[in-house]
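Have a look at the structure below before the remarks.
Just so it is clear, the model here is predicted, and its values are computed rather than measured.
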Amino acid sequence: MASTVSVDQATPATGPNPARGSGTTGPVAPSGAGRTGDRVSATRAVASSFVGTAIEWYDFFIYGTAAALVFGPQFFPSGSDLAGTLAAFATLAVGFVARPFGGVIMGHFGDRTGRKSMLVTSLLTMGVATVGIGLLPNYASIGVWAPILLVLLRFLQGVGVGGEWGGAVLMATEHAPRGRAGLYGSAPQMGVPAGVILANVVFLLCTQLMTEQQFTSWGWRVPFLLSATLVGAAMWIRLGVMESPAFTAVEQEDRITRIPILEVLTKSWRTVLLAGGTFIATNGIAYVFMVFVLSYGTKELGFSRGTMLALLIASCPVWMFGMGLSAHLSDRLGRRRVYVTSTVALLVVSAVFFTLLDTATVPVMLGAMLLLAFVLGSTVGPQSALFAELFPAHVRYSGASLGYQVGAILGGGIAPFVATWLYASFGSTTAITAYFVAVSLVSLACTLVLLRRPHVAEETYAGQPASPADCTSDPQPAVVER
């Protein structure tokens, strides 16, 4: 049933709540730890979201790094180097195509049986696929079956990571204390650059400790096989986490929907498309930043793999800082203000990124990568809380996952391939810059339309109405529909 709440200003996490009907004083909202009865449980939920996401994205990103460095000759040896690289990046896109399947499947069961079980399933799925790639014979050994099996395992990786994001985000935000959903929700987002750091540190060590022949022959497999140990550690943490209090409330109130994705597609399809649209630029530019730039820096600018990996690794802590800062500010200033500002900044920075990179001067290149990393972090910091607030708890896993994966397919799924093709066609990074500007404008438009009015899901906090600080709008007089 629809109702309205008058929002006057952002309220603190404790104390009188002015957002109750006609201004009456409401009860103090309990913190996430209070709702679970144990603050340690909330902390462990956040840690689980961060560590598990970092491991899953480590698995996902080592594929992108390997695609840029070795997969062309290993699995697609016929034709030119360009053809091999394009083919390798095309298999990278397969993982993105698979992600909505993971989001839909795990979102369905996550909304029906709980968030925790799906987080365990997604982690196991990703681990099995990644180790499988590490054991996969190359084209010289089994012929055409090598790229076929590579594509299938990449698809399985996509299914795993597609179900991961929604569950990790909800475990963090639904355990969050009142008024801190943005900050807590940034934990799984920080797992992404943490996964990049881990993946590239491992690859950097391999390239430094091995000869070129050793690395291309067998050394590239080491990062994939290492996943077995990392997944085991993350699994131990996740198995000790309590179920989300929001899902527990849905279960106790018998509000579980038979087919959650059907309700999302029939009642909230516009929200899903707009949410995905807000993510296209961030995800697309991020994957060019993480994948294409490695290939471009080594093959076109003449730098060693070690130098390019070191530049990327150095930028990741700044990326994480941008996430945490913007997430915190979104709790204080409102999601809309922070999200729009960050998207505009991404438009500006992405327009000059390749101009700075093409100087082929390491200090300038480092500055460009640090700047872009910070802005990319700023755009995704508030995303977890924003997407969670767009959907009610009983369909939130399905809705948030689908919106995220739509943006991932149209963004990162095709961006490295498009960037490689544009550079090959025009012989200049100007065309890639134009692509950056175009997708940034699309995401900015979607952001403005999606957040033109406040959005707050009805049970952001396990049966407790959301506080005004949790609204996706700026903290100013407005009407929130629920």
Does a side-chain heavy-atom distance below 4.5 Å link Ile409 with Arg99? no

Roughly how far apart are Leu402 CG and Leu273 CG, rounded to 0.5 Å? 8.0 Å

Least distance between heavy atoms, Pro416 atom then Val288 atom: N-CG2, 4.3 Å

Within a strict 4.5 Å, meaning less than it, do heavy atoms of the Leu274 and Thr278 side chains meet? no

Residue pair Ile133 / Tyr63, side-chain heavy-atom distance below 4.5 Å: yes

Tyr397 ring center within less than 6.0 Å of Phe109 ring center: no

Tyr423 meets the ring pair (Phe, Tyr, Trp, His ring centres under 6.0 Å) criterion, sequence neighbours left out, with Tyr296

About how many Å separate CG of Leu225 and OG1 of Thr130, when rounded to the nearest 0.5 Å? 10.0 Å

Flag the pair Met365 / Leu356 as yes when at least one side-chain heavy-atom distance between them is below 4.5 Å, and no otherwise. no

For Phe224 versus Gly134, what's the shortest heavy-atom pair and its separation? CB-CA, 3.5 Å

Separation between OG of Ser326 and CG of Leu183, rounded to the nearest 0.5 Å: 10.0 Å

Taking Val449's backbone N and O only, do any of them form a donor-acceptor pair with Arg452's side chain (distance below 3.5 Å, no angle check)? yes

So, using salt bridge (charged side-chain N to carboxylate O under 4.0 Å, His left out) as the criterion, who are the partners of Asp59 when residues are at least two apart? none

Take Ile313 and Leu204 through the side-chain contact (heavy atoms from CB on, under 4.5 Å) test and state the conclusion after the steps. CA-CA 10 Å; Ile313 292 168; Leu204 183 61; 4.0 Å; yes

Does the side chain of Thr343 reach to within under 4.5 Å of the side chain of Tyr339, using non-hydrogen atoms? yes

Which residues pass the side chain to side chain donor-acceptor pair (under 3.5 Å) test with Glu212, not counting sequence neighbours? Arg305

So do Leu226 and Val202 actually touch side chain to side chain, heavy atoms under 4.5 Å? yes

Check: Arg221 side chain, Leu136 main-chain N or O, donor-acceptor pair, under 3.5 Å: yes

Please check this pair: side chain of Arg238 against backbone of Leu119, looking for a donor-acceptor N/O pair closer than 3.5 Å. yes

Just wondering, do Phe215 and Phe203 contact through their side chains at under 4.5 Å, heavy atoms? yes

Please name the pair of heavy atoms, one in Leu370 and one in Ser315, separated by the smallest distance, quoted to 0.1 Å. CD2-CA, 3.6 Å

Would Leu450 and Leu390 count as a side-chain contact (heavy atoms from CB on, under 4.5 Å) here? Give the steps. CA-CA 10 Å; Leu450 179 67; Leu390 294 175; 4.2 Å; yes

The salt bridge (charged side-chain N to carboxylate O under 4.0 Å, His left out) partners of Arg154 (sequence neighbours excluded) come to none

OG of Ser48 to CH2 of Trp236, rounded to nearest 0.5 Å, is 11.0 Å

Can you give me the closest heavy-atom contact between Leu153 and Ala129, atom names plus distance? O-CB, 3.6 Å

I need the full list of side-chain hydrogen bond (donor to acceptor under 3.5 Å, both in side chains) pairs touching residues 359-384, with sequence neighbours left out, sorted by first then second residue. Gln189-Gln383, Thr282-Thr379

side-chain contact (heavy atoms from CB on, under 4.5 Å) between Asp358 and Leu301, worked out: CA-CA 8 Å; Asp358 286 340; Leu301 299 182; 4.3 Å; yes

For Phe426, check ring pair (Phe, Tyr, Trp, His ring centres under 6.0 Å) against everything at least two apart and list the hits. none

Is it true that Arg336 and Glu389 make a salt bridge, defined as a side-chain N closer than 4.0 Å to a carboxylate O? no

Quick one: side chain to side chain donor-acceptor pair (under 3.5 Å) partners of Gln74, sequence neighbours excluded? Asn138

Kindly give the heavy-atom pair with the smallest separation between Met171 and Val241, and that separation in Å. CE-CG1, 3.3 Å

CG-CD1 distance between Leu410 and Ile280, expressed to the nearest 0.5 angstrom: 4.5 Å

Can you name the residues that form a side chain to side chain donor-acceptor pair (under 3.5 Å) with Ser244, not counting sequence neighbours? Glu174

When you measure from the side chain of Asp111 to the backbone N and O of Ser398, does any donor-acceptor pair fall under 3.5 Å? yes

Partners meeting ring pair (Phe, Tyr, Trp, His ring centres under 6.0 Å) with Phe374 (sequence neighbours left out): none

Side-chain donor or acceptor of Thr298 paired with backbone N/O of Phe303 under 3.5 Å: no

List in chain and number order the residues that pass ring pair (Phe, Tyr, Trp, His ring centres under 6.0 Å) with Phe436, two or more places apart in sequence or in another chain; answer none if no residue qualifies. Phe354

Ser330 side chain vs Arg335 backbone, donor-acceptor pair below 3.5 Å: no

Quick one: list whatever passes side-chain contact (heavy atoms from CB on, under 4.5 Å) with Ser425, sequence neighbours left out. Trp421

State the OG1-CE distance between Thr53 and Met190, to the nearest 0.5 angstrom. 12.0 Å

Does any non-hydrogen side-chain atom of Ile432 lie less than 4.5 Å from one of Phe292? yes

Set of residues satisfying side chain to side chain donor-acceptor pair (under 3.5 Å) with respect to Ser217, sequence neighbours excluded: none

Ile285 and Ser440 have their tightest heavy-atom pair at CD1-OG, 3.7 Å

Leu312 and Met369: side-chain contact (heavy atoms from CB on, under 4.5 Å), yes or no, with the steps? CA-CA 7 Å; Leu312 180 58; Met369 295 184 75; 4.3 Å; yes

